[in-house]
2 protein chains.
Amino acid sequence: MVTMKQIAERTGVSVSTVSLVMNHRDEGRVKPAIAAHVRAVADELGYRVNPMASSLRTNRTHILGFISEEVATTPYAGGMILGAQSAASQYGYMLITVSTDGGMDEDEEIEALQRYGADGFLYAKMSNRVTEVPRRLNDCPLVLVDATDPDGLVPSVEPDEYRIAYDATRRLLDAGCGRIAYVGCSEGGMIAQQGRLAGYRAAIEDAGRKFNERLVVNVLNNGPALEAVSDLFDWERPDGFFCFNDARAWYVYECAARRGLTVGRDLSVVGVDNHRVFAETLSPQLTTVELPHFEMGYWAAAKLISLIEDRSLDESEWPSTTAPMPPLDAGIPAKIHCRLIEKESVVR
Amino acid sequence: MVTMKQIAERTGVSVSTVSLVMNHRDEGRVKPAIAAHVRAVADELGYRVNPMASSLRTNRTHILGFISEEVATTPYAGGMILGAQSAASQYGYMLITVSTDGGMDEDEEIEALQRYGADGFLYAKMSNRVTEVPRRLNDCPLVLVDATDPDGLVPSVEPDEYRIAYDATRRLLDAGCGRIAYVGCSEGGMIAQQGRLAGYRAAIEDAGRKFNERLVVNVLNNGPALEAVSDLFDWERPDGFFCFNDARAWYVYECAARRGLTVGRDLSVVGVDNHRVFAETLSPQLTTVELPHFEMGYWAAAKLISLIEDRSLDESEWPSTTAPMPPLDAGIPAKIHCRLIEKESVVR
DNA sequence: CTGAAAGCGCTAACAT
DNA sequence: ATGTTAGCGCTTTCAG
């Protein structure tokens with residue numbers, strides 16, 4: 001490991017000068033020629049700061065803690081993490097991901113992160129729910145990802161469920177579907193459900209059609225759900241389906257198979273892909289909406305860093321739409337709509 | 001943050017004494033009464049070591065790097081991470097997970113981990129392949145998880161594919177299946193395929209049956225695969241299927257649905273669940289084999305720590321079988337067979 | 001403009 | 001058995 005001392009020796013200046021140069025605080029304080037020389041030698045020797053050592057003085061580790069209890073079970077958590085990591089490394093931070101498999105160990109893990117001096121935290125869920133924030137995080141810079149806190153005090157990045165549903169439904173309309181059903185979610189606390197239903201309804205009505213309650217079924221992810229979808233099939237004969245998630249799209253798929261119908265020919269399905277079932281298995285047959293996990297992670301981390309560094313962030317560049325949806329049944333996941341929910345933030 | 005200095009002041013001893021006590025190096029060096037007092041005060045004040053500070057002297061951060069390029073795409077990566085994390089925290093280590101989405105950034109991320117002083121690395125894949133280890137990791141303590149290095153020099157933890165297949169097939173035999181097919185993998189470099197096929201064959205033959213080549217199809221995960229399985233269905237009429245993974249089990253499922261057959265009644269399927277398709281969607285219908293990701297992560301981390309600390313590890317307690325398989329079609333994922341592949345290790 | 005010096009929290013020789 | 005001292009690599013006054 002090459003240290004500042006070594007650079008100082010090689011260049012004949014003092015460590016403090018090297019420090020100034022390496023931290024880009026040399027403007028008008030170090031003679032440009034010297035600064036250049038120092039930089040050259042540092043490059044040559046392959047100098048890298050020792051974050052541990054500097055954190056001792058500065059109380060900044062450039063470590064971000066990413067806490068999620070669902071990394072273990074949902075594949076798309078990876079996207080969020082990748083996004084957050086990408087922003088982190090862009091700003092010179094390191095992301096420490098901690099998976100807290102349920103409650104007990106969570107507090108301990110957060111404590112460990114704090115011991116290691118994390119400068120701030122990302123607290124993530126895999127589907128937007130009202131989420132109690134662990135007390136231990138109360139006085140740290142904090143951003144929620146795909147989650148909402150009960151008091152509306154913590155900044156968060158969430159998908160724009162309304163627009164997701166609106167566009168998905170619009171897509172089915174464009175594809176010429178006459179009777180479009182919504183297979184929603186009846187589980188409590190799922191923030192997405194309201195927005196999705198509203199978006200679905202708005203798209204239908206904006207197209208000059210009448211909203212038909214009977215084309216909506218809200219189900220849980222279990223046995224009775226299959227029956228509910230089956231009944232929907234027989235009674236309403238929809239030719240287009242917007243599904244809350246892939247588990248629900250699966251019921252549609254199964255019902256179709258049992259009736260000798262082919263998705264993509266006899267009926268169209270657009271669903272939100274939460275568990276990669278679409279991507280891994282059904283993608284050839286279904287059009288999927290992939291939530292912008294990467295973007296959510298990215299912007300959440302960017303926001304967090306701005307909080308930590310007390311900078312402002314140019315939120316105008318944030319994507320409200322990250323990509324247009326692909327043609328129906330093309331099987332290419334679409335990333336759409338990531339909206340930032342800005343809240344009064346708890347600083348440091 | 002409470003420091004050793006504060007404890008020293010409160011107890012009227014020197015910092016070095018406190019250090020000795022807090023590191024459990026006080027046996028015979030510090031008077032028991034004093035040690036107890038120090039500990040009491042430390043407890044009271046809620047003292048926690050500052051790992052950054054001690055790492056500066058000791059060159060040990062108690063940080064483990066977990067590197068995987070597939071965390072982003074495979075849900076079960078979470079299990080590995082959880083396992084590794086669990087072992088880490090048990091031994092007083094912190095796990096830093098880094099997802100390297102493909103090649104380029106990988107080297108950078110590893111470099112960052114090394115700057116942060118990681119004591120050792122776990123390098124993981126999500127399905128056992130021959131894997132070139134990044135050069136940068138060459139001189140670090142390193143353990144592979146679900147991966148094999150080309151030269152056989154790096155210690156690794158891998159699933160016992162033979163036993164997995166043997167037991168899965170055995171299960172189908174026990175269920176009374178007469179014609180058991182194997183839907184395997186024709187992709188190159190998949191170490192699991194050989195073991196699985198061998199295990200399948202051995203189970204068949206040990207049951208006094210004749211191995212029938214025509215009941216084996218090895219396919220890729222794509223369109224022609226469905227046709228191949230479809231042909232298998234029509235030509236050989238199997239009543240039991242052992243599937244390489246869930247994507248392949250899906251083909252079986254679809255073929256059955258199209259023929260009006262019900263899995264779990266007209267035919268039995270046991271498959272390895274790589275992508276949670278089973279767990280999330282098909283579990284009511286299929287018996288699944290869930291690879292012991294948690295255990296692999298756990299033991300890999302434990303092994304790594306023993307390497308770092310130059311301790312030996314009691315490998316006799318390692319689980320060769322972690323749980324018996326559940327009754328057929330119960331839909332409960334089974335964790336089976338995790339074998340440690342011990343290699344000549346590259347030390348520190 | 002540059003350097004000397006102090007100190008972040010902790011560990012480890014070396015004294016006592 | 002305990003304290004003194006030096007120093008890990010870096011940042012940051014403060015003098016010059």
Side-chain angles (χ1 to χ4, degrees), chain A residues 1-39 41-42 45-63 92 94 112 114-119 309, chain B residues 1-39 41-42 45-63 92 94 112 114-119 309:
Chain A
M1 158 171 277
V2 27
T3 71
M4 283 191 177
K5 199 173 166 189
Q6 295 171 36
I7 300 182
E9 278 160 7
R10 286 259 272 183
T11 52
V13 298
S14 79
V15 212
S16 4
T17 305
V18 177
S19 175
L20 283 180
V21 174
M22 296 323 285
N23 292 307
H24 306 284
R25 321 177 119 283
D26 58 305
E27 189 74 3
R29 334 236 278 103
V30 176
K31 212 181 299 182
I34 300 228
H37 186 206
V38 167
R39 261 184 263 273
V41 171
L45 263 44
Y47 172 77
R48 322 253 52 183
V49 283
N50 179 335
M52 306 317 220
S54 57
S55 79
L56 212 49
R57 285 295 317 216
T58 59
N59 275 319
R60 296 251 92 87
T61 51
H62 285 230
I63 286 176
M94 175 99 205
Q114 288 175 331
R115 264 207 323 277
Y116 276 89
D119 293 338
E309 300 185 347
Chain B
M1 161 171 274
V2 27
T3 71
M4 282 192 177
K5 199 174 167 189
Q6 296 172 33
I7 300 181
E9 278 160 7
R10 285 260 272 186
T11 52
V13 297
S14 79
V15 209
S16 8
T17 305
V18 178
S19 174
L20 283 180
V21 174
M22 296 323 285
N23 292 306
H24 306 282
R25 322 177 116 283
D26 58 304
E27 188 74 1
R29 332 237 278 104
V30 177
K31 212 180 299 182
I34 301 231
H37 187 207
V38 167
R39 260 184 265 273
V41 172
L45 265 43
Y47 172 78
R48 320 253 51 181
V49 281
N50 178 335
M52 307 317 221
S54 56
S55 79
L56 213 50
R57 285 293 321 212
T58 58
N59 274 320
R60 295 251 95 85
T61 52
H62 287 229
I63 286 175
M94 176 97 203
Q114 288 175 331
R115 264 208 322 277
Y116 275 88
D119 293 340
E309 301 185 345

By nearest atom, which of the nucleotides [options] is closest to the [X] side chain?
X	options	value
Thr17(B)	dC10(C), dT2(D), dC10(D)	dT2(D)
Lys31(A)	dT2(C), dT11(C), dG9(C)	dT2(C)
Tyr47(B)	dC10(C), dC8(C), dT2(C)	dC10(C)
Val15(A)	dT11(D), dG9(D), dT2(C)	dT11(D)

Starting at [atom1] of [X] and ending at [atom2] of [N], how long is that distance when rounded to a whole Å?
X	N	atom1	atom2	value
His62(A)	dC10(D)	NE2	P	14 Å
Met4(B)	dT2(D)	CE	P	16 Å
Tyr116(B)	dC8(D)	OH	P	22 Å
Met52(A)	dG7(C)	CE	P	24 Å

Base, sugar-phosphate or nothing for [X]? Non-hydrogen atoms, less than 4.0 Å.
X	result
Asn59(B)	nothing
Ile34(B)	sugar-phosphate
Thr58(A)	sugar-phosphate
Gly117(B)	nothing
Ser19(A)	base

Phosphate OP1/OP2 of [N]: any [X] side-chain N/O under 4.0 Å:
X	N	value
Ser16(A)	dT2(C)	no
Ser14(B)	dG3(D)	yes
Asn50(B)	dC8(C)	no

Taking all non-hydrogen atoms of both residues into account, name the closest pair between Val49(B) and Arg115(A) and its distance.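 Nearest heavy atoms, Val49(B) then Arg115(A): O-CD, 3.4 Å.
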Student check: side-chain heavy atoms of Ile63(B) and Met52(A) closer than 4.5 Å: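 The answer is yes; the side chains approach within 4.5 Å.
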Any non-hydrogen side-chain atom of Asp26(B) less than 4.5 Å from a side-chain atom of Arg39(B)?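 Sidechains of Arg39(B) and Asp26(B): in contact.
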Spell out yes or no: do the side chain of Arg57(B) and the base of dG7(D) have one donor N/O and one acceptor N/O closer than 3.5 Å?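 Under the 3.5 Å cut-off, the side chain and the base do form a donor-acceptor pair.
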Suppose the criterion is side chain to side chain donor-acceptor pair (under 3.5 Å): which pairs have a residue in residues 46-57 of chain B, not counting sequence neighbours?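 Listed once each, the pairs are Glu111(A)-Arg48(B).
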Nearest 0.5 Å please: distance from the CE atom of Met94(A) over to the OG1 atom of Thr61(A).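 Separation between the atoms: 11.0 Å.
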